[in-house]
Number of protein chains: 2
Amino acid sequence: MVNSRFSVAIHILSLIATTSDRSILTSDFIAGSVNTNPVVVRRMIGVLKKAGLLSSQSGLAGYELLVEPKDLTLLAIYQAIDGPEQLFAIHDQPNPACAVGRKIQHTLEGVYTSVWHAMVEQLQAQTLQDVLDQLRI
Amino acid sequence: MVNSRFSVAIHILSLIATTSDRSILTSDFIAGSVNTNPVVVRRMIGVLKKAGLLSSQSGLAGYELLVEPKDLTLLAIYQAIDGPEQLFAIHDQPNPACAVGRKIQHTLEGVYTSVWHAMVEQLQAQTLQDVLDQLRI
DNA sequence: TACACCTGTAACTATAATGGTTACAACGGG
DNA sequence: CCCGTTGTAACCATTATAGTTACAGGTGTA
């Protein structure tokens, strides 16, 4: 099971997209909705900020999306958080003296790449706006 | 990143499928190819055995596949290991007093289900035989 | 200015997952 | 009986994850 950061990121971005009053949109308010600690929220927001998804100003409440919800794909969010990371880990240093061990890593990379491509298609097909629509806000 | 158990399982099953001489197919031999501990191998094999993918006899070297490589999909292997588990974790207890918090879990489930379905298609389209072919054994 | 409130970030902690290891009971074949 | 093997419990080390405390520094307002 992959960690819950992707879920939290989508939650945070949904709040930012739907809260017009910047003054109430503090890390404390967001943490109350997500049910976590404000620092966890600010940490996550720092990552999303580095990825260019939103902006904020130190000392000033409120966050602003830099990408329209309809243009913000779930893939962009996912990659902002987890980078270009592989989905499945491959055990390292299988025995090169063995016919299977020698080629298993390369083979698995191919398998996982095809799975990853399928995931990418799905994540790219859905935007933050789609999520907002399903939240019916 | 998901753990390396799926990779190790495919490696183990590839060895079993391609090693005709049962007497050398010990957990120690397999561990030497995977580069891990024999107990880790036996533990994993116990899981695959419970799932009905292979058979073994206590005290006797060797394992036997119960499904033909061409009929053994990577999905079956994946599910034997990780069960019907969700791919992405969803943070628990978002605030029900918040419009987003109230519906985010259900919405994310839908999103993740569509991603999972895409993965399933890929995993189902590839069999152990395909892996063996790529290993060129 | 003084103050209240906020962000950004470092540092520490608790918990859980992962994989490696030791140990040993039970089994099978020579 | 003896040796090598499987099956499994128990324990340990490492790492990931998320929560927490603490505090420096920015911002607007009385």
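Below, read A as the first sequence line, B as the second, and so on, with proteins coming before strands; counting in each chain starts at 1.
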Once salt bridge (charged side-chain N to carboxylate O under 4.0 Å, His left out) is applied, what residue pairs with a partner in residues 90-106 of chain B remain, sequence neighbours excluded? none
Residues passing the side chain to side chain donor-acceptor pair (under 3.5 Å) test with A:Gln124, sequence neighbours excluded, are none
Which residues pass the side chain to side chain donor-acceptor pair (under 3.5 Å) test with B:Ser23, not counting sequence neighbours? B:Asp21
Using a 4.0 Å cut-off to any heavy atom of chain B, which nucleotides of DNA chain D are the first and last in contact, reading 5' to 3'? D:dG4 to D:dA10
Nearest whole Å is fine: how far is C:dC5 C1' from A:Arg22 CZ? 15 Å
Please table the atom pairs, donor to acceptor, closer than 3.5 Å between any side-chain atom in residues 38-59 of chain B and protein atoms at least two apart or in another chain.
residue	atom	partner	partner atom	Å
B:Arg42	NH1	B:Ser27	OG	3.0
B:Lys49	NZ	B:Ser56	O	3.3
B:Lys49	NZ	B:Ser56	OG	2.9

Tell me the salt bridge (charged side-chain N to carboxylate O under 4.0 Å, His left out) pairs involving residues 54-73 of chain B, sequence neighbours left out? B:Arg22-B:Glu64
Does A:Lys49 have a side-chain nitrogen or oxygen under 4.0 Å from the phosphate oxygens OP1 or OP2 of C:dT7? no
Which of B:Ile30, B:Thr19, B:Leu15, B:Ile12 passes side chain to side chain contact (heavy atoms under 4.5 Å, CB included) with B:Tyr63? It is B:Ile30
What residues, two or more places apart in sequence or in another chain, satisfy side chain to side chain donor-acceptor pair (under 3.5 Å) together with B:Tyr112? A:Ser7
Strand-adjacent residues in residues 54-66 of chain B, judged by heavy atoms under 4.0 Å from DNA chain D: B:Ser56, B:Gln57, B:Ser58, B:Gly59, B:Leu60, B:Ala61, B:Tyr63
How does each nucleotide of nucleotides 9-19 of chain C score, in 5' to 3' order, for protein heavy atoms under 4.0 Å: base (B), sugar-phosphate only (S), or none (-)? BBB------SS
Please identify each residue that fulfils side chain to side chain contact (heavy atoms under 4.5 Å, CB included) with A:Ala61, with sequence neighbours left out. A:Thr26
Under the side chain to side chain donor-acceptor pair (under 3.5 Å) test, residues paired with A:Asp130 that sit two or more places apart: A:Thr127
What residues, two or more places apart in sequence or in another chain, satisfy salt bridge (charged side-chain N to carboxylate O under 4.0 Å, His left out) together with A:Glu109? none
A:Ile24 has an atom CD1; how far is it from atom C1' of C:dT7, in whole Å? 17 Å
